[in-house]
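Below: one structure, written as structure tokens.
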Amino acid sequence: MTDSLHPPMSAATPKRTLTERLGNELSFVPVAIGLVALFFFFATQSDVFLTSRNLSNLMVQSTVTGIIALGLVFVLLTGEIDLSVAAISGVASVFMAKIVMDFGLPVPLAILAAVALGGLVGALSGRWITLIGVPSFVVTLGVGLVLNGIQLLLLPRTGRYNLMNSGVDKLAATHVTGVLAWGLILGAIAIFALVLGSTWRARQRAGLDASFHGGVLLPVVVVAAFLIGMLMFLENQRGLPMPVILFLALLGIMSYITSETRFGTYLYAIGNNAEAARRAGIKVDRIKIIAFAIAGSMAAFGGILSASRSLGVSVSSGGGVGGGALLLESIAAAVIGGVSLFGGRGMVVGALFGALIIATVSNGLNLMGVANEARLIVTGLLLIIAVSIDRGIEKLARPGS
Amino acid sequence: MTEPILSLRGVSKSFGSIKALSNVSLDLEPGKVVALVGDNGAGKSTLVKVMSGVHRPDSGQYLFEGREVHVSNPAEVADMGVQTVYQDLALCDNLDAVQNLFLGRELTGPWYTGFRVTRAASERRAKEVLRRLRLDSISLTRNVGAMSGGQRQNIAIARSILWEPKVVLLDEPTAALSHSAAEQVGDLVRELASHGLAVLVISHDIHHFVLDNTDRIEVLRLGRNAASFNSGDVTGEQVVNAMVGGNEAVNMAG
Ligand SMILES: Nc1ncnc2c1ncn2[C@@H]1O[C@H](COP(=O)(O)OP(=O)(O)O)[C@@H](O)[C@H]1O
Ligand SMILES: [Mg+2]
């Protein structure tokens with residue numbers, strides 16, 4: 001094409017409104033505000049709530065749900081759902097326990113094998129769903145039940161593998177302190193700053209508008225304050241619990257994948273308009289299968305952490321038959337965190353906030369001496385409020401409003 | 001007269017017993033905008049789909065740059081340099097203009113970055129293209145779902161020319177647009193031609209869009225060539241008459 005005379009640049013293009021940003025990269029903000037409000041509320045209700053011992057517990061409590069939700073986000077973004085994640089976590093943890101206890105496999109190898117198994121199950125579900133074109137909730141409901149059955153078959157006659165002193169227990173029991181803990185936290189902050197900084201530098205070099213304050217400084221300060229605050233708070237307890245470190249590390253990696261990479265863009269594109277994605281040459285089926293595989297392996301890893309914390313696996317690992325509260329809370333964590341069940345909207349970090357909200361409600365009400373029934377009711381109401389807020393933001397972001 | 005870059009010669013296409021196209025011929029020349037008009041069911045979309053490789057013609061020739069080609073799928077046609085913008089636009093509402101422009105063809109970093117999208121380079125390239133098309137007023141960072149119909153249409157067209165095709169086919173780009181938005185699309189269509197592209201545009205808006213923005217008008221009726229006009233020396237009534245079959249097939253094109 002030949003070039004023509006350029007007309008002078010027209011007046012500044014319209015800036016993105018706050019509602020638009022709340023529907024995109026700030027989708028976790030309402031839930032973060034909600035979390036802070038809950039913290040204030042429970043702090044006024046119980047003296048114990050804000051102690052480092054309790055907050056350490058609370059964070060560890062949130063990791064299993066959080067990690068399963070983290071993987072589930074990938075599937076939800078493509079507009080599908082995986083109702084077998086809790087069952088995968090159960091069967092993978094029992095599988096790991098079996099190959100450690102009955103066959104004497106080294107623990108790290110057993111963990112890897114179990115995570116791979118979870119990924120394989122997810123990939124197979126995804127293959128089936130894309131191949132036959134059946135709704136994912138039906139297929140994964142079926143897969144979940146099949147896995148529940150297999151879990152029972154894998155368990156010994158006692159119905160339980162005791163993992164005390166098996167080596168698996170170390171995973172959840174390890175705490176990182178001192179120089180190592182500071183190294184981890186500062187390293188994480190440095191990597192985050194590097195990623196944002198490189199984006200900013202590239203934009204600046206390309207002559208595009210780039211805000212150092214909004215694009216680098218503010219997010220880095222917020223993340224650094226959160227991580228350093230957490231470390232200082234937990235240092236005078238027993239240090240950083242390994243499950244929390246693993247959860248945050250996975251969160252960082254998964255955030256990078258969804259928001260920075262080509263694969264991440266495809267997840268969002270498919271969730272919004274699969275036909276458009278297909279016509280753009282995106283291999284929609286393959287991307288969906290990978291999303292299911294990620295959800296499966298994250299679920300397996302969550303199950304392993306859970307087994308390590310509870311020092312054993314049993315019939316009730318993975319939430320019991322049908323996935324029980326574990327499945328519902330994992331889905332709820334993602335949705336409360338601002339991930340849309342209709343696909344294409346939400347962020348990975350939502351899984352963190354969603355899981356923290358659920359754990360906070362449970363922990364806080366417990367401290368207040370409120371019975372379990374109330375906990376379920378409150379969590380349910382929070383879920384309804386969260387999807388309603390989400391819907392409202394989506395409507396506001398449409399043209400003509 | 002310039003040599004046509006894309007020509008159909010005596011193309012026919014049936015769907016079962018329905019004869020959608022019978023012996024249709026059409027030429028597209030570089031730098032020219034050709035309007036394809038006709039009643040509903042006249043075969044306009046089918047003709048575009050033959051050109052874009054979605055349908056294989058039952059008989060007839062497809063010539064590109066003077067040579068006969070046998071195209072079997074849309075990707076092949078796109079590689080040849082023929083881009084199509086369908087009526088539904090195929091945009092992702094949850095992505096911004098830059099992401100939509102590059103969808104499926106992202107500029108990325110090396111594998112060890114996990115194929116990180118190089119946002120700055122993409123945005124700069126997008127900015128250039130939009131400026132060349134005089135579409136500077138389109139925001140690069142807003143979700144396209146929050147944009148007006150005209151802006152969305154323009155983004156879809158801009159996407160089709162991002163990889164510098166030689167021919168652009170537009171199926172009813174103004175159907176869902178307000179009058180002023182349709183005018184913008186008209187400006188864009190002429191802008192494309194001024195850059196040397198051959199443009200085919202299907203439209204029902206004879207009186208405004210077609211007469212104002214095209215060089216030649218090809219009329220299809222019941223799957224056949226019914227008439228051909230130079231847009232400069234014809235009235236809207238004459239075109240409409242040819243569409244509905246008011247008088248016998250005429251050929252007034254020079
Ligand atoms: N995929 C198809 N299968 C069967 N019939 C079709 C198909 N596509 C188009 N037709 C028929 O071919 C004729 C021309 O259709 P079309 O090209 O869509 O017309 P236009 O775009 O001019 O309104 C119509 O009778 C239509 O019903
Ligand atoms: Mg049509």
Side-chain angles (χ1 to χ4, degrees), chain A residues 1-4 6-17 19-20 23-24 195 198-210 253 256-257 259-266 268-282 340 343-345 394 397-401, chain B residues 74-75 78 84 86 88-96 99-100 102-109 113-125 127-129 131-132 134-143 145-149 151-152 159 161 164-166 191-192 194-197:
Chain A
M1 281 204 305
T2 55
D3 216 330
S4 66
H6 298 314
M9 280 286 278
S10 56
T13 54
K15 281 269 181 282
R16 305 166 70 228
T17 59
T19 26
E20 270 178 75
N24 287 292
V195 170
S198 68
T199 302
W200 173 77
R201 279 262 311 264
R203 291 188 67 85
Q204 214 188 25
R205 283 210 193 120
L208 299 161
D209 50 326
I253 294 168
Y256 178 85
I257 291 175
S259 65
E260 292 290 323
T261 71
R262 184 172 66 188
F263 171 72
T265 308
Y266 291 173
Y268 285 90
I270 291 169
N272 183 267
N273 192 341
E275 177 56 26
R278 191 170 288 119
R279 279 202 234 150
I282 297 170
S340 167
R345 276 164 27 79
E394 201 193 336
R398 287 219 197 96
S401 56
Chain B
T84 311
Y86 296 100
D88 68 1
L89 305 185
L91 296 174
C92 289
D93 286 348
N94 61 341
L95 302 181
D96 64 26
Q99 289 172 311
N100 269 291
F102 285 90
L103 191 63
R105 297 173 292 192
E106 287 76 10
L107 310 177
T108 64
T113 64
F115 297 106
R116 186 180 186 194
V117 175
T118 48
R119 174 74 201 194
S122 321
E123 200 166 318
R124 206 163 92 154
R125 173 95 183 274
K127 216 171 179 165
E128 269 168 33
V129 169
R131 193 169 59 202
R132 209 161 28 173
R134 299 167 198 268
L135 296 174
D136 320 65
S137 65
I138 288 179
S139 162
L140 293 172
T141 52
R142 294 185 74 184
N143 284 358
M147 294 186 185
S148 70
Q151 288 178 323
R152 294 162 53 82
R159 172 164 74 181
I161 69 134
E164 321 231 323
K166 297 165 179 159
E191 188 71 29
L192 297 184
S194 78
H195 289 288
L197 272 84

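So that the names make sense, note that chain A is the first sequence line, chain B the second, and so on, each numbered from 1.
If you tally non-hydrogen atom pairs under 4.5 Å between each of B:A90, B:A75, B:P74 and chain A, the highest count goes to B:A90. The most heavy-atom pairs under 4.5 Å with chain B, out of A:A276, A:S198, A:S259, come from A:A276. When each of B:T118, B:L89, B:N143, B:L107 is checked for heavy-atom pairs under 4.5 Å with chain A, B:N143 comes out on top. Considering only heavy-atom pairs separated by less than 4.5 Å from chain A, the leading option among B:A120, B:A121, B:A78 is B:A120. By number of non-hydrogen pairs under 4.5 angstrom with chain B, the leading residue of A:A269, A:G281, A:A202, A:A277 is A:A269. Heavy-atom pairs under 4.5 Å with chain A peak, among B:N100, B:T108, B:D96, B:D93, at B:D93.
Judged purely by atom type and a 3.5 angstrom limit, A:N273 uses its side chain to pair as donor or acceptor with the backbone of B:L91.
The CD1 atom of A:I270 sits 11.0 Å away from the CG atom of B:N94 when rounded to the nearest 0.5 Å. Residue A:R262 holds its CZ atom at 9.5 Å from OG1 of B:T113, rounded to the nearest 0.5 Å.
Nearest heavy-atom pair across A:A280 and B:L103 is CB-O, 3.6 Å. For the residue pair B:R105 and A:Y266, the shortest heavy atom distance occurs at N-OH, 4.4 Å.
Inter-residue side-chain proximity for A:T199 and B:R116 is flagged as met; some heavy-atom pair is nearer than 4.5 Å. Taking 4.5 Å as the limit, every side-chain heavy atom of B:R119 sits out of range of all side-chain heavy atoms of A:L208. Side-chain contact between A:N272 and B:L95 is absent, with no heavy atoms from C-beta onward closer than 4.5 Å.
Residues satisfying the side-chain hydrogen bond (donor to acceptor under 3.5 Å, both in side chains) criterion with A:Y256, sequence neighbours excluded, are absent altogether. Applying the salt bridge (charged side-chain N to carboxylate O under 4.0 Å, His left out) criterion to A:R203, with sequence neighbours excluded, gives A:D209, B:E123.
A:E260 touches chain B through backbone and side chain together, each having a heavy atom under 4.5 Å away. In this structure, chain B has a heavy atom under 4.5 Å from the side chain of A:R279, while its backbone stays farther away.
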